[in-house]
Amino acid sequence: TYNRAVSLFETQNYGSAEGLFSEYMHQVNDPTNSFYENATYYQTVCAVKQGSNDALNKVKSFASAYPESGWLPAINFEMGNIYYKKRKYNDALKSYKYVSPKQLSKTERIEYYYKKGYCELELDRLDAAYKLAINSVDWKKEERINKAISYFNTFKRYFPESEYLEESEKMNAELAELLKEFQTKS
């Protein structure tokens with residue numbers, strides 16, 4: 001049952017997978033079993049992917065039941081996505097804070113940076129990304145400059161008529177110059 005459910009999950013057949021994971025969990029009935037934990041994670045993600053009304057409750061329940069789980073960064077990513085979809089950008093950012101982008105797939109990583117940047121934009125935090133980038137320690141500077149530039153590019157694409165566009169262009173130009181200088185030093 002478990003392996004079949006995982007196969008269905010991997011082929012994005014979330015409705016059928018969720019049912020089989022539920023059946024498996026009922027059979028095992030041992031929350032301390034690692035396969036049970038995995039099944040709970042997969043079942044939770046199925047609910048999220050299907051846009052289930054109780055998806056957020058399932059995510060919170062998983063995080064509460066398994067606070068030390070290796071699945072927690074992925075669960076926080078899913079929770080952030082739920083908040084993002086509901087336009088609760090502050091809550092989304094709180095969830096994304098606990099996500100390790102390195103643990104995400106390439107597609108998820110792109111989605112993560114886009115949604116996180118969009119949340120920052122919606123909350124008018126462009127200046128925060130800028131300040132973080134220019135004041136970073138050297139070993140974090142390049143990564144943070146690139147993130148800030150990405151936020152600015154997203155801002156420009158989605159808000160071309162913004163009253164803040166001129167100011168953001170100046171910051172973006174400064175960041176590009178800083179990045180160029182930094183890369184020349186390295």
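- Listed for the Tyr66 side chain is a donor-acceptor partner under 3.5 Å among the backbone atoms of Pro31.
- A distance of 12.0 Å separates NZ of Lys115 from OG of Ser95, quoted to the nearest 0.5 Å.
- For the pair Tyr98/Ile75, no side-chain contact is recorded, criterion being any heavy-atom separation below 4.5 Å from C-beta on.
- Side-chain contact, Glu78 with Thr44: no donor N or O sits under 3.5 Å from an acceptor N or O.
- The NZ atom of Lys97 sits 10.0 Å away from atom NZ of Lys116, with the distance rounded to the nearest 0.5 Å.
- To the nearest 0.5 Å, atoms NZ (Lys49) and CG (Asn81) are separated by 7.0 Å.
- Ring planes of Tyr96 and Tyr112: perpendicular class, angle over 60° (limits at 30 and 60°).
- The side-chain heavy atoms of Gln12 and Tyr14, taken from C-beta on, include a pair separated by under 4.5 Å.
- Met171 contributes atom CE, which lies 10.5 Å from atom CD of Glu169 (distance to the nearest 0.5 angstrom).
- Counted within 6.0 Å of CG on Asn53, heavy atoms from surrounding residues, nucleotides or ligands total 12 or fewer; the atom is thus considered open.
- Counting only heavy atoms from C-beta outward, the side chains of Glu37 and Ser69 approach each other to under 4.5 Å.
- There is a path of hydrophobic side-chain contacts, each under 4.5 Å, that joins Leu56 to Tyr42.
- Met25 and Leu8 fall into different hydrophobic clusters, where Ile, Leu, Val, Met, Phe, Trp and Tyr are joined by side-chain heavy atoms under 4.5 Å apart, directly or via other members.
- With hydrogens and angles disregarded, no donor-acceptor distance shorter than 3.5 Å links the side chain of Gln43 to the backbone of Ala39.
- Annotation: side chain of Asn38 is in contact with side chain of Trp71 (closest heavy-atom distance under 4.5 Å).
- The heavy-atom pair separating Leu175 from Ala148 by the smallest distance is CD1-CB, 3.6 Å.
- With hydrophobic clusters built from ILVMFWY side chains whose heavy atoms lie under 4.5 angstrom apart, Val48 shares a cluster with Phe62.
- Side-chain contact between Phe21 and Tyr41 is absent, with no heavy atoms from C-beta onward closer than 4.5 Å.
- Side-chain contact between Asn172 and Asn153 is present, with heavy atoms from C-beta onward closer than 4.5 Å.
- For the pair Gln103 and Pro73, the tightest heavy-atom approach, listed with the atom from each and the gap, is OE1-CG, 3.1 Å.
- Distance check: Glu142 CD to Gln183 CD gives 4.5 Å after rounding to the nearest 0.5 Å.
- Of all heavy-atom pairs between Ala47 and Glu18, the closest is CB-OE2, 3.8 Å.
- Both Leu93 and Phe77 are assigned to one and the same hydrophobic cluster, defined by single-linkage of ILVMFWY side chains at heavy-atom distances under 4.5 Å.
- Side-chain atoms of Thr40 come within 3.5 Å of backbone N or O of Tyr36 as a donor-acceptor pair.
- In this pair, Tyr2 and Phe35 present their aromatic rings perpendicular. The plane angle is above 60°, beyond the 30 to 60° band.
- The side-chain heavy atoms of Tyr89 and Tyr84, taken from C-beta on, include a pair separated by under 4.5 Å.
- A salt bridge is absent between Lys170 and Glu174: the closest approach of a Lys/Arg side-chain nitrogen to an acidic carboxylate oxygen does not fall below 4.0 angstrom.
- The two residues Ile145 and Leu179 come nearest to each other via the heavy atoms CG2-CB, 3.7 Å.
- Taking a 6.0 Å sphere around NZ of Lys88, one finds it holds 12 or fewer heavy atoms contributed by other residues, nucleotides or ligands.
- Linking Ile, Leu, Val, Met, Phe, Trp and Tyr residues whenever their side-chain heavy atoms come within less than 4.5 Å places Leu178 and Phe152 in a single cluster.
- Contacts of Glu23 classified as salt bridge (charged side-chain N to carboxylate O under 4.0 Å, His left out), with partners at least two apart in sequence or in another chain: none.
- Considering CD of Gln27 and CG of Asn29, their distance stands at 10.5 Å, rounded to 0.5 Å.
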